[in-house]
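Down below is the structure, laid out as structure tokens.
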Amino acid sequence: MGRALRLRCPRCGVGKMFSGPLTTCERCSHCRLKYERAPGYFLGSIYINYGLTAMATTVSYVVLHVILGWTNRQLTFPLTGFCMVFPALAFRHTRALWLALDCHWDESLMEIEEE
Ligand SMILES: [Zn+2]
């Protein structure tokens, strides 16, 4: 989890996962772990991103509307903006988290490949 939050390789913790704001490296520069294992591999990260966005929006709505008394009209623009900006900001971290979870569940990914 710590390596995912720092956007580092889940196997070695050294190599960077991204070469740009939206560009995922093909492999780890240190241990050569292949990040995108198959076409569409990171599709699962979209579910994580969606879940986090929905949860944060729901909690924000409940706190601002029910507890602080903001009207729905007052909340429409800020929460809509949040729903558009947050997924873009969380894009890299949810991809890193997806790969870290895959490495956690599939221990064969944690073994160094001989090439
Ligand atoms: Zn690595």
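As the structure lists them, so they are numbered: ligands from 1, and atoms in each ligand from 1.
- Within the 2.8 Å limit, H30 places no N, O or S atom next to the Zn ion (ligand 1).
- In terms of heavy-atom proximity, G15 sits nearest to Y35 at O-OH, 3.8 Å.
- Side-chain contact between L43 and W98 is absent, with no heavy-atom pair separated by less than 4.5 Å.
- Using a 4.5 Å cut-off on side-chain heavy atoms (C-beta onward), C31 and V14 make no contact.
- Vertex the Zn ion (ligand 1), arms ending at SG of C31 and SG of C9: the angle is 100° after rounding to 10 degrees.
- Between the SG atom of C12 and the SG atom of C28, the angle taken at the Zn ion (ligand 1) works out to 100° after rounding to 10°.
- Partner of L7 under the side-chain contact (heavy atoms from CB on, under 4.5 Å) criterion, out of H93, K16, R95: H93 alone.
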